[in-house]
Amino acid sequence: MRWSETLIATLRDAPQDAEIASHKLMMRAGLLSKLGGGLYTFLPLGLKALRKVERIVREEMDRAGAQEVLMPALQPREIWEQSGRYSVLKDAMFKIHDRQERDLVLGPTHEEVITDLAARQISSYRQLPRTLYQIQAKFRDEIRPRFGLMRAKEFIMKDAYSFDTSWEAADKSYQAMYDAYVRIFKRCDLNVKVVEADTGAMGGNFSHEFMVLADSGEDGLVECESCAYAANLERADRRLPPQTEERTDQLPSPVATPNQKTIAEVAAFLKRPASQLVKTLIYVADGKPIAVLVPGDRDLNEHKLARALGGVTVQMADDRTIEQATGAPVGFAGPVGLKIPVYADAELKVPRVYVTGGNAADTHLLNVVLGRDAAVTAYHDVVTCREGDLCPKCGERMREKRGIEVGHVFKLGTKYSKAFDAGYLDAAGNRQIMVMGCYGIGVTRTLQAVVEQSHDANGIIWPASISPFQVSLVVPNVQHRESMVAAEALLKELEARGIEVLFDDRDERPGVKFKDADLIGLPVRAVVSERSLADGKVEIKLRTAADKMMVPVQDACQTLVDIVQKGTQS
RNA sequence: CGGGGUGUAGCGCAGCCUGGUAGCGCGCCAGCCUUGGGCGCUGGAAGUCGUGGGUUCAAAUCCCACCGCCCCGACCA
């Protein structure tokens, strides 16, 4: 394809609202155009790359035995009521209605639709297992769209759903998808870390996330330095370090802490490390207030708390509830004398002497020993892990990292199949419920993750498998007749061999063309110029290499074909 | 939703404080020149100064409201 005939406009400066490298580069290289917050048009170059990702996903889904369907983005509200998720997700959904005032939503995901479909289409164990998938736009009313395609209001997702006769069979389907994901991300040349994850609003029992490690990633995770354990911070557990008991004969004694509300303020005021303080958080769990205690230097993890309490919904109590529960203004809650259930982090189980809130204005308590001075209903690991915590599996140190979630696989179980009565008749003629799994890949996000992970100061470095074109053909001076003639011939030859070529035939200065070639980042660049032709050669350079090679004109096509084939295979 | 910022030509920005009919760089168009890392010169096109209202003889500039966009937060008492 000739550049002079395309709609590719590169930018010298990145738009000021682009923050991270991949977003800036995708804008500068002319892959995307912004329409509004979280809304982007894919320009021809960006779309070509996106289609490459989609193709890889399709090929691997098909290879894993999944079948493609296409479902409506527009969905009746009723099916969300039926699964019970309308109340959970309604703030995240775009809600609209038709002229008859019927309520509809723009689908943020498709569990409801697919389960309804399975219930209609599948009736016998002979039709199982089945895995169906779709690649299409999904819509989420994100609180804060950002980073270009990373968190957009409309994005393209591949979702697959498996239906099985039993949990054991479902495990197989899950594993097949897991393996397909490993292959997909490998083909995208992505360095992906698989971590254990929280199931969140999806529900279900078990899940893994596929994370592209990147400092700009929105998710935190920990990985063990020694064994294979890795988990999203929302879910990561830890092994407790050895602790020594600490006892005192002194009883809790109040100390005046005027206006010292936060842990940091109290610690500074009393000149004690935050770890000697206990933070008392008042929560509402299934409508009832509870207190949660964590070490002063740690953060409570609501996901872990909710799980520890048996999957209830938890949220911070409002100021009034806190005042009613503690009898004190916000900022001075403590466990001593509380009449509501008190849960504590497992680290607090070994008796030690702590400072806590005093349940009275401007007051904290010294010499508090949990168990002795305050009843604790139960101890659970409920804090967020951090760098240096010990691995729950092997006890070695864990590292904290950041990642971009590009894929997520869930064992859903029967949550949706029950809600939609997706059953089948087994061999004995008994009605059974299907066991489901669901498997998502953020296709547009994956594309950006590739750029985030593969670029340099000059621009994008596309992996051959995703690159919008395979070869960049540059004529530095289009006024030079022989260069153009030779380049045109090479272009024809390459395209006849099925190679996708972007021929930069613009009447631009050489510097502009080389800068643009680096920015757009096609894996191979061929230059035909007065200089190279003087020796009867074509210059060939890999985007990743510093050196150029000079190849005789008549060998140029074959050399490029070889390079492209080698690159695409790996 | 809370806090902060910002909105002036396709992109990046100045002008605003101190009101007087809008400017710079890049890009774009034309011509000349140049031709291996964002070249040089000349001439041009392009902006309802986010929107609405107000103050004023006069508003990009001051005031009010609204909207868009960006950042931080929205759990750590």
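Reminder, nothing fancy here: chain letters follow the sequence lines and each chain counts from 1.
With both pairing distances under 3.5 Å, B:G73 is matched to B:C1 as a Watson-Crick or G-U wobble pair. Both distances falling under 3.5 Å, in either a Watson-Crick or a G-U wobble arrangement, place B:U6 opposite B:G68. The partner of B:A59 is absent, by the rule that a Watson-Crick or G-U pair needs both atom distances under 3.5 Å. In this structure, B:A45 makes no Watson-Crick or G-U wobble pair, since no nucleotide meets both defining distances under 3.5 angstrom. B:C17 is unpaired under the Watson-Crick or G-U wobble criterion, no partner having all donor-acceptor distances under 3.5 Å.
Taking atom C1' on both B:C26 and B:A14, the two are 15 Å apart, rounded to the nearest angstrom. The separation of B:U55 from B:A65, taken at their C1' atoms, amounts to 15 Å, rounded to a whole angstrom. Taking the C1' atoms as reference points, B:A46 lies 6 Å from B:A9, given to the whole Å. Rounded to the nearest Å, the gap between the P atom of B:U18 and that of B:A30 is 46 Å. With both ends at atom P, the span from B:G43 to B:C17 equals 33 Å, rounded to whole Å. Here, B:U35 and B:C72 have their C1' atoms 49 Å apart, quoted to the whole Å. Comparing B:G20 with B:C67, their P atoms are spaced 30 Å from each other, to the whole Å. As rounded to the nearest Å, B:G23 and B:C49 have P atoms that lie 14 Å from one another.
When the nucleotides B:U34, B:G38, B:C1 are ranked by their closest atom to the side chain of A:Val512, B:G38 comes out on top. Listed candidates were B:C72, B:C28, B:C76. Nearest to the side chain of A:Glu508 is B:C28. For A:Leu300, taking side-chain heavy atoms from C-beta onward, the closest of the listed nucleotides B:U35, B:C76, B:A74 is B:C76.
With sequence neighbours excluded, no residue satisfies side-chain hydrogen bond (donor to acceptor under 3.5 Å, both in side chains) with A:Lys153. In this structure, A:Arg239 has no side-chain hydrogen bond (donor to acceptor under 3.5 Å, both in side chains) partners at least two apart in sequence or on a different chain. For A:Glu387, the salt bridge (Lys or Arg N to Asp or Glu O under 4.0 Å) partners two or more places apart in sequence, or in a different chain, are A:Arg397. Under the ring pair (Phe, Tyr, Trp, His ring centres under 6.0 Å) criterion, A:His455 pairs with no residue, sequence neighbours left out. Scored by the side-chain hydrogen bond (donor to acceptor under 3.5 Å, both in side chains) test, A:Lys90 finds no partners at all (sequence neighbours excluded).
Only A:Arg28, A:Lys34, listed by number, bring a heavy atom of residues 21-34 of chain A to less than 4.0 angstrom from any atom of RNA chain B. Interface residues of residues 265-281 of chain A facing RNA chain B, ordered by number: A:Lys279, A:Thr280, A:Leu281; criterion, heavy-atom separation under 4.0 Å. For residues 513-545 of chain A, proximity to RNA chain B is found at A:Phe514, A:Lys515, A:Asp516, A:Asp518, A:Arg525, A:Val527, A:Ser529, A:Arg531, A:Glu539, defined as any non-hydrogen atom under 4.0 angstrom from a strand atom.
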- [ ] If a protein heavy atom is under 4.0 Å from the base, mark B; if only from the sugar-phosphate, S; if neither, -; do that for nucleotides 6-13 of chain B going 5' to 3'.
- [x] -----SSS

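Contact record, A:Ala18 with A:Lys24: O-CE, 3.3 Å, taken as the closest heavy-atom pair.
The pair A:Lys513-A:Glu508 fails the salt-bridge criterion, with no side-chain N (NZ, NE, NH1 or NH2) lying under 4.0 Å from an Asp/Glu carboxylate O. Using a cutoff of 4.0 Å between basic side-chain nitrogens and carboxylate oxygens, A:Arg298 and A:Asp389 are scored as salt-bridged.
Between the C1' atom of B:C75 and the CD atom of A:Glu234 lies a distance of 13 Å, rounded to the nearest Å. Rounded to an integer number of Å, the gap from CZ of A:Arg509 to P of B:U34 is 11 Å. Taking atom CD1 of residue A:Ile20 and atom P of nucleotide B:C70, one finds them 13 Å apart after rounding to whole Å. Going from atom CG of A:Asp345 over to atom C1' of B:C76 covers 13 Å, rounded to whole Å. At whole-Å resolution of the value, CG in A:Leu233 and P in B:C76 are 17 Å apart. Atom CD1 in A:Ile8 sits about 18 Å away from atom P in B:G27, given to the nearest Å. One interatomic measurement links the two molecules: CE of A:Met316 to C1' of B:G73, which rounds to 14 Å at whole-angstrom precision. Here B:C1 presents its C1' atom at 15 Å from CD of A:Gln315, a figure rounded to the nearest Å.
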Distance-only criterion, 3.5 Å: show the donor-acceptor pairs between side-chain atoms of residues 325-338 of chain A and protein atoms not counting sequence neighbours.
unit_1: A:Thr326; atom_1: OG1; unit_2: A:Ile322; atom_2: O; d: 2.8
unit_1: A:Thr326; atom_1: OG1; unit_2: A:Ala328; atom_2: N; d: 3.1
unit_1: A:Thr326; atom_1: OG1; unit_2: A:Ala328; atom_2: O; d: 3.2

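Counting any heavy atom pair closer than 4.0 Å across all strands shown, A:Gln479 reaches a base atom. Among the protein residues, A:Tyr283 comes within range of the nucleic acid bases, having at least one heavy atom under 4.0 Å from a base atom. Residue A:Ile263 is in sugar-phosphate contact alone, with no base atom involved, counting any heavy-atom pair closer than 4.0 Å across all strands shown. A:Arg146 comes within contact range of the sugar-phosphate backbone alone, with a heavy-atom separation under 4.0 Å but no base atom that close.
Mapping A:Ala317 and A:Phe147 onto RNA chain B via the closest heavy atom, the residue that lands nearer the 5' end is A:Phe147.
Of the N and O atoms on the side chains of A:Ser529 and A:Glu539, not one donor lies less than 3.5 Å from an acceptor on the other residue. Side-chain polar atoms of A:Tyr283 and A:Glu302 form a donor-acceptor pair below 3.5 angstrom.
Within a 6.0 Å sphere centred on CD of A:Gln276, heavy atoms belonging to other residues, nucleotides or ligands number more than 12. Within a 6.0 Å sphere centred on NZ of A:Lys34, other residues, nucleotides and ligands contribute more than 12 heavy atoms.
Side-chain contact between A:Leu305 and A:Leu300: present, with at least one pair of heavy atoms (C-beta onward) separated by less than 4.5 Å.
For B:C71, the OP1/OP2 oxygens have a side-chain nitrogen or oxygen of A:Arg144 closer than 4.0 Å. Side-chain nitrogen and oxygen atoms of A:Arg12 include at least one within less than 4.0 Å of the OP1 or OP2 phosphate oxygen of B:G27.
Contacts classified as salt bridge (charged side-chain N to carboxylate O under 4.0 Å, His left out) and involving residues 468-484 of chain A (residues at least two apart or in different chains) are not found. The side-chain hydrogen bond (donor to acceptor under 3.5 Å, both in side chains) analysis of residues 36-45 of chain A, with sequence neighbours excluded, yields the pairs A:His23-A:Tyr40.
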Open item on the list: Is there a salt bridge (charged side-chain N to carboxylate O under 4.0 Å, His left out) between A:Asp381 and A:Arg238? Walk through the geometry before answering.
Closed with: CA-CA 8 Å; A:Asp381 178 6; A:Arg238 72 202 154 123; 3.1 Å; yes

